[in-house]
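Worksheet for the structure shown next.
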Amino acid sequence: MYLSRFLSIHALWVTVSSVMQPYPLVWGHYDVCKTQIYTEEGKVWDYMACQPESTDMTKYLKVKLDPPDITCGDPPETFCAMGNPYMCNNECDASTPELAHPPELMFDFEGRHPSTFWQSATWKEYPKPLQVNITLSWSKTIELTDNIVITFESGRPDQMILEKSLDYGRTWQPYQYYATDCLDAFHMDPKSVKDLSQHTVLEIICTEEYSTGYTTNSKIIHFEIKDRFAFFAGPRLRNMASLYGQLDTTKKLRDFFTVTDLRIRLLRPAVGEIFVDELHLARYFYAISDIKVRGRCKCNLHATVCVYDNSKLTCECEHNTTGPDCGKCKKNYQGRPWSPGSYLPIPKGTANTSPPKFNRIWPNISSLEVPNPKQVAPKLALSTVSSVQVANHKRANVCDNELLHCQNGGTCHNNVRCLCPAAYTGILCEKLRCEEAGSCGSGSGQGAPPHGSRALLLLTTLLGTASPLVF
């Protein structure tokens with residue numbers, strides 16, 4: 001009775017779950033590149049699309065400020081407290097650790113009180129603009145997986161642009177504009193991410209949501225990655241299959257979330273009024289206590305590990321690929337053009353492994369003998385045929401239309417091995433079966449041709465079938 005009740009409850013739970021949750025909560029983390037499985041051919045490798053875990057990418061960046069001497073403290077100066085802009089007895093002094101505010105304090109652990117922060121010089125040269133470029137570089141292509149979050153210790157700037165580069169800082173394109181007045185600052189109508197849709201998700205917008213002046217208690221600016229993901233994966237990102245499908249098939253969408261560098265352009269500090277108070281310029285400056293950037297190394301779905309060595313990020317490539325982003329085939333594995341892995345079909349994806357490159361097959365020249373100067377064809381030591389180098393590396397293709405053809409009437413089975421006629425054997429059905437048994441003769445029904453003609457026949461077969469090979 002108890003068993004039947006349990007089975008009934010279990011069946012009901014499965015039904016309810018399938019209705020309430022059409023997709024699994026987690027759609028394939030893609031955290032395994034290969035696994036061993038058993039098939040008719042025995043134990044072989046099964047390859048899958050794979051990628052590194054998402055992590056805090058600020059641990060691996062290099063930061064550059066422009067102008068380089070924009071950090072406060074050299075020479076020492078006083079500035080006004082944020083809570084009371086007319087209490088101007090705070091000091092910044094680069095020569096004193098307790099009073100210094102270097103750039104690395106934007107990326108240290110935030111849990112202490114008071115917060116540590118980077119700070120610019122004050123706007124003492126007004127009306128000359130107080131502008132700062134903060135460039136974050138990884139020397140590696142990365143894929144963003146969460147919101148970019150910038151926490152200001154000063155008021156949030158009146159005008160700011162977040163930019164990205166895909167070519168290591170050679171060219172830049174805007175990610176998002178921020179302003180207290182978008183129309184005045186950038187000649188753009190104000191929008192928020194909520195105003196976008198699947199069809200306009202790549203639109204570059206100006207938002208006033210995060211630039212509300214000096215007196216606000218809020219310090220945070222966002223660039224919303226997850227809200228853009230949600231247009232495809234749903235509000236709680238449960239339908240990741242839809243997002244992965246879009247990333248797989250839409251290069252512009254994939255590139256939108258991919259960067260090599262980010263640049264924060266601070267164009268005007270928080271003023272809070274219509275006019276700048278020229279009598280208290282020490283109240284105008286930039287200060288950032290924290291920057292969060294989460295993402296993963298881009299490895300084209302060919303690696304789960306990204307190592308940081310000698311101040312450089314590199315993918316540990318699988319699937320016979322190589323390069324910093326696993327963006328090309330390994331040497332001797334150019335059996336077909338390189339291709340990135342694919343998220344589809346869910347949940348394992350497609351590895352698109354690079355198969356070996358098979359060159360034209362030549363016998364070992366040292367095994368060619370010419371015992372008789374009048375003999376037209378050299379004597380071919382048949383033992384060299386069995387040593388033909390045909391790699392079958394981790395379930396790589398042995399036979400298909402682009403690589404090797406099975407010989408002597410053999411047929412290709414699952415691109416893995418040749419099924420040979422009864423009279424032949426070998427990887428490519430290139431050997432007479434009777435030769436292995438030493439029974440090839442006039443009475444065997446499989447009479448072997450004379451040495452010269454046999455060598456010519458085998459050499460012609462090897463060279464003739466090589467026409468479709470890659471050189």
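If you're wondering where the values come from, they're calculated on a predicted model, not measured in any experiment. Along the sequence shown, residues carry numbers from 1.
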How long is the gap from [atom1] on [X] to [atom2] on [Y], to the nearest 0.5 Å?
X	Y	atom1	atom2	answer
Met57	Thr55	CE	OG1	7.0 Å
Arg268	Ser211	CZ	OG	12.0 Å
Leu105	Ser289	CG	OG	10.0 Å
Tyr47	Ser354	OH	OG	11.0 Å
Cys329	His302	SG	NE2	8.0 Å
Lys59	Leu313	NZ	CG	10.5 Å

Donor-acceptor contact below 3.5 Å, side chain [X] vs main chain [Y]:
X	Y	answer
Asp277	Leu279	yes
Arg156	Phe152	no
Ser154	Ala287	yes
Gln334	Lys330	yes
Asp255	Lys252	no
Thr321	Glu318	yes
Arg263	Asn133	no
Ser165	Asp167	yes
Gln176	Ile161	no
Asp93	Ser95	yes

Could you check His319 against Asn300 for side chain to side chain contact (heavy atoms under 4.5 Å, CB included), going step by step and ending with a plain yes or no?
-> CA-CA 11 Å; His319 304 158; Asn300 285 295; over 6 Å; no
Check the pair Cys72 / Cys92 against disulfide bond (SG atoms under 2.5 Å apart), numbers first and verdict last.
-> CA-CA 6 Å; Cys72 69; Cys92 179; 2.0 Å; yes
Go through Val293 and Leu144 one step at a time and tell me if the side chain to side chain contact (heavy atoms under 4.5 Å, CB included) criterion holds.
-> CA-CA 8 Å; Val293 182; Leu144 301 175; 3.7 Å; yes
NZ of Lys312: more than 12 outside heavy atoms within 6.0 angstrom?
->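 Counting other residues, nucleotides and ligands, NZ of Lys312 stays at 12 neighbours or fewer.
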Any chance CD of Glu91 has more than 12 other-residue heavy atoms, nucleotides or ligands included, within less than 6.0 Å?
-> yes
Between Leu202 and Thr200, does a side chain to side chain contact (heavy atoms under 4.5 Å, CB included) hold up when you go through it step by step?
-> CA-CA 5 Å; Leu202 303 184; Thr200 60; over 6 Å; no
Residue pair Thr145, Ser54: steps toward the side chain to side chain donor-acceptor pair (under 3.5 Å) verdict = CA-CA 7 Å; Thr145 59; Ser54 175; 2.6 Å; yes
Stepwise, does the salt bridge (charged side-chain N to carboxylate O under 4.0 Å, His left out) test hold for Glu53 with Arg296?
-> CA-CA 6 Å; Glu53 289 185 5; Arg296 62 169 60 91; over 6 Å; no
Minimum heavy-atom distance between [X] and [Y], given as atom pair plus value:
X	Y	result
Cys326	Trp338	O-NE1, 3.0 Å
Pro102	Trp118	O-CB, 3.6 Å
Thr78	Ala282	O-CB, 3.8 Å
Lys140	Pro324	CE-O, 3.2 Å
Lys191	Ile205	O-CD1, 3.9 Å
Asn352	Pro340	ND2-O, 2.7 Å

Could you tell me whether [X] and [Y] have a side-chain N and a carboxylate O separated by less than 4.0 Å?
X	Y	result
Asp56	Arg294	no
Lys348	Asp46	yes
Lys292	Asp290	yes

For the residue pair Gln119 and Thr71, confirm or rule out a side-chain donor-acceptor distance under 3.5 Å.
->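 No, Thr71 and Gln119 have no side-chain donor paired with an acceptor closer than 3.5 Å.
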Return yes if a side-chain donor-acceptor contact under 3.5 Å exists between Thr353 and Asn320, otherwise no.
->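 Looking only at side-chain atoms, Asn320 and Thr353 do not form any donor-acceptor pair under 3.5 Å.
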What do the steps show when you test Phe107 against Leu61 for side chain to side chain contact (heavy atoms under 4.5 Å, CB included), and what is the final call?
-> CA-CA 10 Å; Phe107 311 104; Leu61 61 76; 4.0 Å; yes
Anything under 30° is parallel, anything over 60° is perpendicular, the rest tilted; go ahead and classify His222 against Tyr210.
-> tilted
Aromatic rings Phe186 and Tyr177: how do their planes relate, parallel, tilted or perpendicular, breaks at 30° and 60°?
->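 Tilted: the ring planes of Phe186 and Tyr177 meet at 30° to 60°.
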Show your working on disulfide bond (SG atoms under 2.5 Å apart) between Cys206 and Cys182 and close with a plain yes or no.
-> CA-CA 6 Å; Cys206 178; Cys182 287; 2.1 Å; yes
Determine, stepwise, if the pair Phe229 / Phe257 fulfils ring pair (Phe, Tyr, Trp, His ring centres under 6.0 Å).
-> CA-CA 10 Å; Phe229 285 168; Phe257 300 110; 4.8 Å; yes
Ring pair (Phe, Tyr, Trp, His ring centres under 6.0 Å) partners for Tyr343, two or more places apart = Tyr30, Tyr244
Any residue meeting ring pair (Phe, Tyr, Trp, His ring centres under 6.0 Å) with Tyr308, in chain and number order, not counting sequence neighbours |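 Testing Tyr308 for ring pair (Phe, Tyr, Trp, His ring centres under 6.0 Å), a comparison that skips the adjacent residues, returns Tyr60.
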Could you check Asp261 against Ser137 for side chain to side chain donor-acceptor pair (under 3.5 Å), going step by step and ending with a plain yes or no?
-> CA-CA 5 Å; Asp261 307 77; Ser137 301; 2.6 Å; yes
In chain order, what residues pass the side chain to side chain contact (heavy atoms under 4.5 Å, CB included) check against Leu162, with sequence neighbours excluded?
->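 Expected list: Ile148, Tyr175, Tyr178, Phe223, Ile264.
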Ile220 and Val149, any side-chain heavy atoms less than 4.5 Å apart | yes
Flag side-chain contact, heavy atom, 4.5 Å: Trp138 against Thr260 | no
Carefully, step by step, assess Thr304 and Asp31 under the rule side chain to side chain donor-acceptor pair (under 3.5 Å).
-> CA-CA 6 Å; Thr304 58; Asp31 53 359; over 6 Å; no
